[in-house]
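Sequence lines set the chain letters: A, B, ... in the order given, protein chains first and strands last, and positions in each chain run from 1.
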Amino acid sequence: TQLLEQSPQFLSIQEGENLTVYCNSSSVFSSLQWYRQEPGEGPVLLVTVVTGGEVKKLKRLTFQFGDARKDSSLHITAAQPGDTGLYLCAGAETGGFKTIFGAGTRLFVKA
Amino acid sequence: GAVVSQHPSRVICKSGTSVKIECRSLDFQATTMFWYRQFPKQSLMLMATSNEGSKATYEQGVEKDKFLINHASLTLSTLTVTSAHPEDSSFYICSAREDRGDEQFFGPGTRLTVL
């Protein structure tokens, strides 16, 4: 069974600061997704990365997939209070049908 | 595209009653749907994987007789919590995956409160 370690688990920062969330595994994933969830709602897909070394940008969010497709990072530039939420990474098993979720990073951005 | 609905969004029931939650993929066909449970301030806990036309695969520790899953069509899966008890109170979320993709698209969740 593949494991996906996500860090940090909790992050409280001031508006305007930058932050990076990491997801790491010892196993290779065919793709990796990042989701954001707000309280009382379901997770919303932000991005999917597929190719090793791939970098995708979504406004102030930058997602990177490791060269070996074992790890990924999410970098937020100049965080805003609206970025507050639970960020989840999820890796799709190679050759399988299961998706492995990280434990989540709870981000709180103070105004 | 890739919208998943879930109904009801919130339900309060008495202990001992059964509650059915529906999960629908609105604009795509989902061979596979997933049911998760989420406790406050925690990540998602996969309960079971639902495949259209076949029996669901339950994760270890999840009672299949208590959490009945039916995936009768490519756009609908249902989760029935039978003889609900207060400890079953939680946020239940479904997701659906297209045939040729890795991404899961989540429903908005159902808040179950058992009195």
Does a sphere of radius 6.0 Å around NZ in K64(B) hold more than 12 heavy atoms from other residues, nucleotides or ligands, not counting ones at 6.0 Å or beyond?
-> no

Does atom CD of E15(A) have more than 12 heavy-atom neighbours, drawn from other residues, nucleotides or ligands, at distances under 6.0 Å?
-> yes

Between S31(A), P43(A), G104(A), which shows the greatest number of heavy-atom pairs under 4.5 Å with chain B?
-> P43(A)

Under 6.0 Å from the CD atom of Q9(A), do we count more than 12 heavy atoms belonging to anything else shown?
-> no

Are Q104(B) and F101(A) close enough that some pair of their side-chain heavy atoms sits under 4.5 Å apart?
-> yes

Which atoms of Q42(B) come close to chain A, meaning under 4.5 Å heavy atom to heavy atom: side chain ones, backbone ones, both, or neither?
-> backbone

Report the distance from atom CZ of F105(B) to atom CD of Q33(A), rounding to the nearest 0.5 Å.
-> 8.5 Å

Minimum heavy-atom distance between G102(A) and S43(B), given as atom pair plus value | O-OG, 3.1 Å

Determine whether more than 12 heavy atoms belonging to other residues, nucleotides or ligands lie under 6.0 Å from atom CZ of R60(A).
-> yes

Check whether Y22(A) and I76(A) end up in the same hydrophobic cluster, where Ile, Leu, Val, Met, Phe, Trp and Tyr are linked by side-chain heavy atoms less than 4.5 Å apart.
-> no

Regarding D102(B) and T48(A), is there a side-chain donor-to-acceptor distance under 3.5 Å anywhere?
-> no

Evaluate the criterion side-chain contact (heavy atoms from CB on, under 4.5 Å) for residue pair V47(A) and E103(B); output intermediate values, then yes/no.
-> CA-CA 9 Å; V47(A) 78; E103(B) 298 114 334; over 6 Å; no

Hey, mind stepping through R97(B) and T99(A) against side-chain contact (heavy atoms from CB on, under 4.5 Å) and telling me if it holds?
-> CA-CA 10 Å; R97(B) 186 175 65 195; T99(A) 296; 4.2 Å; yes

Answer with side chain, backbone, both or neither: which region of F10(A) has an atom nearer than 4.5 Å to a non-hydrogen atom of chain B?
-> neither

Tell me whether L61(A) is reachable from V49(A) by hopping between hydrophobic residues (I, L, V, M, F, W, Y) whose side-chain heavy atoms are closer than 4.5 Å.
-> yes

Should Y58(B) and L46(B) be counted in the same cluster of Ile, Leu, Val, Met, Phe, Trp and Tyr side chains packed under 4.5 Å apart?
-> no

Does atom NZ of K110(A) have more than 12 heavy-atom neighbours, drawn from other residues, nucleotides or ligands, at distances under 6.0 Å?
-> yes

Whatever's closer than 4.5 Å to a heavy atom in chain B on Q37(A) counts as side chain

Is Y35(A) reaching over with its side chain to a backbone N or O of F106(B), donor-acceptor style, under 3.5 angstrom?
-> no

